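Shown next, in structure tokens, is the structure this report addresses.
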Amino acid sequence: MEECISVFDMLKIGVGPSSSHTLGPWRAAERFLEELKNESILDQVKRVKVDLYGSLSLTGKGHATDLSVMLGLSGQDPEYIPVENIAGIIKTIEDTNEIHLANEYKIPFYFLQDIVFNKEFLPFHANGLKFTAYKEDDSEYESTFYSIGGGFVVKEERENAKIKEVIKCAFPFPVQNAVELLNYTISENKSISEIVYENEKSMRSEEEIHSELMRIWNTMLECMYIGCHSEGILPGGLHVRRRAFDMHQNLIGLSNYTDPQSWLQEIRKTEVKFRQILKWVSCFALAVNEVNASLGRVVTAPTNGSAGVIPAVLMYYMVIENHNAGEKEIKQFLMVAGEIGSIFKKGSTISAAMGGCQAEIGVSSSMAAAALCELMGGTPAQVLMAAEIAMEHHLGLTCDPIGGLVQIPCIERNTMGAIKAINAAELALETDSKNAKVPLDKVIGTMWETAKDMNSKYKETSEGGLAIAVNMADC
């Protein structure tokens with residue numbers, strides 16, 4: 001069965017540092033609470049235990065998986081919770097040995113015993129977690145979820161398959177792969193963003209699409225702004241010093257501004273040379289992922305670990321390439337990016353635990369390259385070529401985070417992914433698409449084959465590569 005994926009599925013607002021290890025488990029905890037309510041047993045629960053498996057266990061501490069599960073069980077929403085409240089909620093749970101289940105019932109909760117890290121992998125997916133509710137009559141209720149990347153959560157039985165099929169049928173232009181998307185643009189004489197917009201309108205009003213896309217962009221912009229104005233050391237024990245602040249200060253000088261919007265206008269006035277462009281793009285990407293590493297609010301694009309690429313490239317377009325760019329271009333960019341990401345999710349994976357970092361930075365670079373190419377006047381065929389070029393040069397990229405933290409090499413990789421996206425878009429714009437040798441669908445299939453062949457120690461387990469070559473003591 002084909003899968004219907006909205007732009008708003010690919011671009012989700014949440015809390016760092018990881019979409020698969022933080023946002024996904026958080027959403028799983030919320031769904032578990034919904035099940036307890038649907039079974040009318042929430043008020044009978046006297047204890048809850050959470051078992052983490054595979055990659056969620058191996059790198060869960062560094063990705064705040066245990067914290068996200070506690071926040072989810074507490075009834076907190078990752079999209080709207082004030083991030084400054086997170087530390088206090090966690091401290092209260094740890095100090096009182098109680099959790100406010102669904103924000104309704106206080107029950108005992110000993111986080112060192114009630115969150116269990118199991119190194120073994122469940123067969124369905126590398127990111128598995130099981131919730132067990134113990135009732136007052138000593139019976140138990142269990143539910144297992146899988147965080148499959150990008151904040152998406154599924155159950156093995158896929159109970160919501162029928163719902164997805166109904167939603168898919170509403171799309172006038174259902175897309176499973178790049179060839180189908182290109183054919184729609186030809187038969188309908190529309191751009192890729194216009195095809196995506198028609199699909200979105202089958203699910204939401206035009207006003208809702210506008211407001212939600214702008215909310216996503218404003219979250220990205222605020223994230224870059226916060227990252228560029230925050231000093232200090234990132235949490236986690238690696239003692240990684242924030243770099244976006246110093247880089248930003250050197251670039252912007254004594255400019256006067258008071259908020260993200262006026263900041264954007266001031267950047268447009270700065271000197272533009274090749275080195276400055278490289279620095280600005282890198283600064284934007286660093287800023288986002290430093291915020292992500294400190295449990296700040298980011299937009300999955302398509303994941304938290306790769307959340308800096310798309311905002312950095314879109315910001316580049318707005319402050320360097322087109323000073324007149326506004327809401328129209330922002331929405332166009334995000335719709336194209338979301339559609340390309342959905343094709344990767346359908347044809348391969350956006351989970352580093354399944355495919356390594358090619359599934360995160362590679363996909364985000366591909367999404368950004370395609371979106372930028374359309375804004376720069378590329379044809380639909382050139383847009384897909386830009387996506388292909390960007391991914392082709394990320395194939396085989398491993399995920400081996402030092403200390404299980406989304407910091408080294410993750411933060412810098414966002415700068416590289418953003419620069420590659422801009423380069424890929426420019427190459428596509430200068431190429432006759434009829435001469436393309438590698439279709440996007442072929443590179444997506446190759447990425448999936450590479451993912452399956454990749455040793456598990458390079459798939460977000462911190463059991464190989466840089467993660468063991470450089471240990472915490474070295475830092």
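Just so we're clear, the structure is a prediction, and the values are computed from it rather than from any experiment. Every heavy atom of this structure was used, including side-chain atoms; hydrogens, water molecules and symmetry mates were not.
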Considering all heavy atoms, the nearest I389-A428 contact: CD1-N, 4.1 Å
pair W26-I81: side-chain heavy atoms closer than 4.5 Å: yes
Would you call E208-R215 a salt bridge at under 4.0 Å N-O? no
Single hit among V50, L52, T22 for side-chain contact (heavy atoms from CB on, under 4.5 Å) with T65: L52
Are L67 and L295 close enough that some pair of their side-chain heavy atoms sits under 4.5 Å apart? yes
Can a donor-acceptor pair be found between the side chains of S6 and E200 at a distance below 3.5 Å? yes
Go through the side-chain N and O atoms of T303 and T300 and say whether any donor and acceptor fall under 3.5 Å apart. no
Using the side chain to side chain contact (heavy atoms under 4.5 Å, CB included) criterion, which residues pair with S348? Sequence neighbours excluded. I444, M447, W448
Would the number of heavy atoms belonging to other residues, nucleotides or ligands and lying under 6.0 Å from OH of Y316 be above 12? yes
Do S351 and I148 touch side chain to side chain, with heavy atoms closer than 4.5 Å? no
Given side chains that start at C-beta, do those of P78 and E30 come closer than 4.5 Å, heavy atoms only? yes
Assess the side chains of T450 and Q358: does a donor N or O sit below 3.5 Å from an acceptor N or O? no
Show me, pair by pair, the donor-acceptor contacts under 3.5 angstrom made by side chains of residues 392-405, not counting sequence neighbours?
from	atom 1	to	atom 2	distance (Å)
H394	ND1	A390	O	2.8
D400	OD2	L466	N	3.0

Would you check if the side chain of S18 reaches a backbone N or O of H63 as a donor-acceptor pair within less than 3.5 Å? no
Donor-acceptor under 3.5 Å (N218 side chain, M214 main chain): yes
For R243, is there an ion pair with E412 - N to carboxylate O distance below 4.0 angstrom? yes
Tell me whether S456 contacts the main-chain N or O of T461 through its side chain, where contact means a donor paired with an acceptor under 3.5 Å. no
For S282 against T415, the heavy-atom pair lying closest together: O-CG2, 3.5 Å
Charged N-O contact under 4.0 Å between E34 and K37: no
Do you know the tightest heavy-atom contact between L33 and L73? CD1-O, 3.6 Å
Does the pair F111 and D66 meet the rule for a side-chain contact (heavy atoms from CB on, under 4.5 Å), with working shown? CA-CA 8 Å; F111 72 98; D66 49 350; 5.5 Å; no
Is there a donor-acceptor pair under 3.5 Å between the side chain of N292 and the backbone N or O of P17? yes
Can you give me the closest heavy-atom contact between A312 and A285, atom names plus distance? CB-N, 3.8 Å
Counting only N and O atoms by type, is there a donor-acceptor contact under 3.5 Å from the side chain of S193 to the main-chain atoms of Q332? no
Taking R242 for its side chain and A287 for its backbone only, find out whether a donor-acceptor pair lies under 3.5 Å. no
Contact summary for E463 and L58, nearest pair of heavy atoms: OE2-CD2, 3.6 Å
Going through the distances and angles, do T132 and K130 end up as a side-chain contact (heavy atoms from CB on, under 4.5 Å)? CA-CA 7 Å; T132 305; K130 180 178 71 175; 4.1 Å; yes
Go through the steps to decide whether F152 and I350 satisfy the test side-chain contact (heavy atoms from CB on, under 4.5 Å), and finish with yes or no. CA-CA 10 Å; F152 289 88; I350 58 171; 4.1 Å; yes
Assess, by modelled atom type and distance only, whether the side chains of H21 and S147 contain a donor and an acceptor separated by less than 3.5 Å. no
Using atom types as modelled and distance alone, determine if a side-chain donor or acceptor of Q44 lies under 3.5 Å from a backbone N or O of S40. yes
Counterpart residues, salt bridge (charged side-chain N to carboxylate O under 4.0 Å, His left out), relative to R297 (two or more places apart): none
Distance, nearest 0.5 Å, that separates CD1 of I310 from CH2 of W217: 11.5 Å
Can you check whether M391's main-chain N or O pairs, donor with acceptor, with K420's side chain at less than 3.5 Å? no
Under the criterion side-chain contact (heavy atoms from CB on, under 4.5 Å), which of H239, Q407, R241 is the partner of L234? Q407
Checking P311 now: which residues fulfil side chain to side chain contact (heavy atoms under 4.5 Å, CB included) with it, not counting sequence neighbours? M220, M224, V288
Return the CZ to OH distance between F124 and Y146, rounded to the nearest 0.5 Å. 7.0 Å
Closest heavy-atom pair and its distance - M10, G338: CG-O, 3.4 Å
Any side-chain heavy-atom pair from I93 and S74 closer than 4.5 angstrom? yes
K452 atom NZ, over 12 foreign heavy atoms within 6.0 Å: yes
Could you measure the distance from the NE2 atom of H248 to the NZ atom of K279? Nearest 0.5 Å is fine. 14.0 Å
Evaluate K155 against E35 for salt bridge (Lys or Arg N to Asp or Glu O under 4.0 Å), listing each step before the verdict. CA-CA 12 Å; K155 303 193 75 170; E35 291 184 4; 2.9 Å; yes
How far does CG of L11 sit from CZ of F8, to the nearest 0.5 angstrom? 8.0 Å
Counting C-beta onward and ignoring hydrogens, is there a side-chain heavy-atom pair between V45 and Y105 closer than 4.5 Å? no
Answer yes or no: is there a donor N or O on one side and an acceptor on the other, between the side chain of S19 and the main chain of N304, under 3.5 Å? yes
With the side chain counted from C-beta on, respond yes when F131 and K49 share a heavy-atom pair under 4.5 Å apart, and no when they do not. no
Mark yes when over 12 heavy atoms from residues, nucleotides or ligands other than M247 sit less than 6.0 Å from its CE; otherwise mark no. yes
Heavy-atom distance under 4.5 Å between the side chains of L221 and F284, does that happen here? no
Output, in order, the C-alpha distance, side-chain angles, deciding distance and verdict of salt bridge (Lys or Arg N to Asp or Glu O under 4.0 Å) for D43 and K135. CA-CA 9 Å; D43 60 345; K135 296 163 59 179; over 6 Å; no
Please enumerate all residues that pass salt bridge (charged side-chain N to carboxylate O under 4.0 Å, His left out) together with D95, with sequence neighbours excluded. K91
Can a donor-acceptor pair be found, under 3.5 Å and without considering hydrogens, that links the side chain of N177 to the backbone of E180? yes
CG of L334 to CG of L314: how many Å apart, nearest 0.5 Å? 6.0 Å
Ring pair (Phe, Tyr, Trp, His ring centres under 6.0 Å) partners of F173, counting only residues at least two apart: Y184
Could you tell me whether R27 and D77 have a side-chain N and a carboxylate O separated by less than 4.0 Å? yes
Which is it for I13 and Y80 under the side-chain contact (heavy atoms from CB on, under 4.5 Å) test, yes or no, and what are the steps along the way? CA-CA 9 Å; I13 298 173; Y80 295 101; over 6 Å; no
Can you tell me how far CD1 of I340 sits from CG of L181, rounded to the nearest 0.5 angstrom? 6.0 Å
